[in-house]
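Fair warning: this is a prediction, and the values are worked out from it, not measured in the lab.
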Amino acid sequence: QVQLVESGGRLVQAGGSLRLSCTASGLIFSKYTMGWFRQAPGKEREFVGGISWSAGDTNYVGSVKGRFTISRDNAKNTVYLQMNRLKPEDTAVYYCAADTYLYRSMVVADLTTYNLWGQGTQVTVSS
C-alpha cells in the first residue's frame with residue numbers, strides 16, 4: 001500500500017521552531033519529488049515548499065523563505081520541513097505530497113501536480 005504519513009505538528013509559541021516529518025511507504029521514495037502544502041481554516045490549500053528527487057532543487061513560497069527549510073533522507077524514506085521563527089499565520093494543517101511524475105528535476109508549486117497525499121498534521125502557532 002502506498003502511503004505518506006506526516007508527524008511532528010503541535011502547538012508552539014510564535015518565534016519558535018518545529019520540524020515536521022513525512023515518511024513514505026510502498027514506493028521507491030528516491031525517485032519522487034516531494035512537496036509540502038498547508039491549509040488554514042477557510043482557506044485554499046497552498047504550496048509551502050518542495051524538494052526534487054535528487055535534492056538538486058528546492059522551492060518555497062515567499063512567505064516562508066528564509067524561515068523554512070526542506071530536506072530529505074532517502075535512507076529513511078523521509079522528507080522534512082524545518083520551520084523556524086514561526087508566526088501565527090503559519091497555523092494550518094500541513095500536508096506532504098509526492099509528485100505524479102518520477103524524477104522531476106524542478107519543484108512544481110501547483111498542487112494538481114501531486115497525486116499522493118498524507119493525512120496532514122496540525123501546526124498551531126500561538127501569539
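Geometrically, Arg67 does not engage Tyr60 in a cation-pi contact, judged by NZ or CZ lying under 6.0 Å from the ring centre and within 45° of the ring axis. With Tyr95 as the aromatic partner, Arg45 meets the cation-pi criteria of under 6.0 angstrom to the ring centre and within 45 degrees of the ring axis.
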Would Asp99 and Trp53 satisfy side-chain contact (heavy atoms from CB on, under 4.5 Å), going step by step from the backbone distance to the final call? CA-CA 9 Å; Asp99 196 314; Trp53 71 276; over 6 Å; no

Would Leu20 and Leu18 satisfy side-chain contact (heavy atoms from CB on, under 4.5 Å), going step by step from the backbone distance to the final call? CA-CA 7 Å; Leu20 306 183; Leu18 196 61; 4.2 Å; yes

I'd like to know whether Glu6 forms a side-chain contact (heavy atoms from CB on, under 4.5 Å) with Leu4, so could you lay out the CA-CA distance, the side-chain angles of the two residues, the decisive distance to 0.1 Å, and finally the verdict. CA-CA 7 Å; Glu6 302 96 335; Leu4 301 177; 5.6 Å; no

Verify side-chain contact (heavy atoms from CB on, under 4.5 Å) between Val64 and Arg38, making sure each step is shown before the conclusion. CA-CA 12 Å; Val64 309; Arg38 66 187 180 187; 3.9 Å; yes

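Nearest heavy-atom pair, Ser17 versus Arg85, reported as atom, atom and distance to 0.1 Å: OG-N, 4.2 Å. Here the shortest heavy-atom pairing between Ser30 and Arg72 reads CA-NH2, 4.1 Å. Closest non-hydrogen pair, Thr33 versus Tyr114, comes out as O-CE2, 4.3 Å. In plain terms, the two heavy atoms of Ser126 and Gln13 that are nearest each other are OG-CA, 3.5 Å. The shortest heavy-atom contact between Val79 and Phe29 is N-CZ, 3.9 Å. Contact detail for Pro88 and Ser127: the closest heavy-atom pair is CG-CB, 3.9 Å.
Note: the hydrophobic cluster containing Val2 also contains Met34 (ILVMFWY, side chain heavy atoms under 4.5 Å, direct or indirect links). With hydrophobic clusters built from ILVMFWY side chains whose heavy atoms lie under 4.5 angstrom apart, Tyr94 shares a cluster with Val61. Under the 4.5 Å side-chain heavy-atom criterion for grouping Ile, Leu, Val, Met, Phe, Trp and Tyr, Val12 is connected to Met83 within one hydrophobic cluster.
For the pair Thr91 and Gln122, the minimum side-chain heavy-atom distance is below 4.5 Å. Two residues are said to be in side-chain contact when any heavy atoms from C-beta on lie closer than 4.5 Å; Thr121 and Arg10 fail this criterion. Residues Phe37 and Leu111 have side chains in contact (heavy-atom distance under 4.5 Å, counting atoms from C-beta outward). In this structure, the side chains of Asn84 and Gln82 come closer than 4.5 Å at one or more pairs of heavy atoms. At a threshold of 4.5 Å between non-hydrogen side-chain atoms, the residues Ser105 and Ser52 do not count as touching.
A ring-centre distance under 6.0 Å is not found for Tyr103 and Tyr32. Here the two rings, on Phe68 and Trp36, have centers that are 6.0 Å apart or farther.
Rounded to the nearest 0.5 Å, atoms OG (Ser54) and NZ (Lys31) are 14.5 Å apart. Atoms OH and CG, from Tyr101 and Asn115 in turn, are 13.5 Å apart once rounded to the nearest 0.5 Å. Distance check, rounded to the nearest 0.5 Å: OG of Ser71 to CD1 of Ile51 gives 6.5 Å. Note that OG of Ser21 and NZ of Lys76 are 9.0 Å apart. Values are rounded to the nearest 0.5 Å. Atom-to-atom distance recorded for Ser25:OG and Asn77:CG is 8.0 Å, nearest 0.5 angstrom.
Annotation for Ile28: atom CD1 does not count as buried by contact number, only 12 or fewer foreign heavy atoms lying within 6.0 Å.
Salt-bridge check for Asp57 with Arg104: failed, with every basic side-chain N at 4.0 Å or more from each acidic carboxylate O.
Using a 3.5 Å distance cut-off with no hydrogens or angles, the side chains of Arg19 and Tyr80 do not pair a donor with an acceptor. If you check the side chains of Thr23 and Thr78, you find a donor sitting under 3.5 Å from an acceptor.
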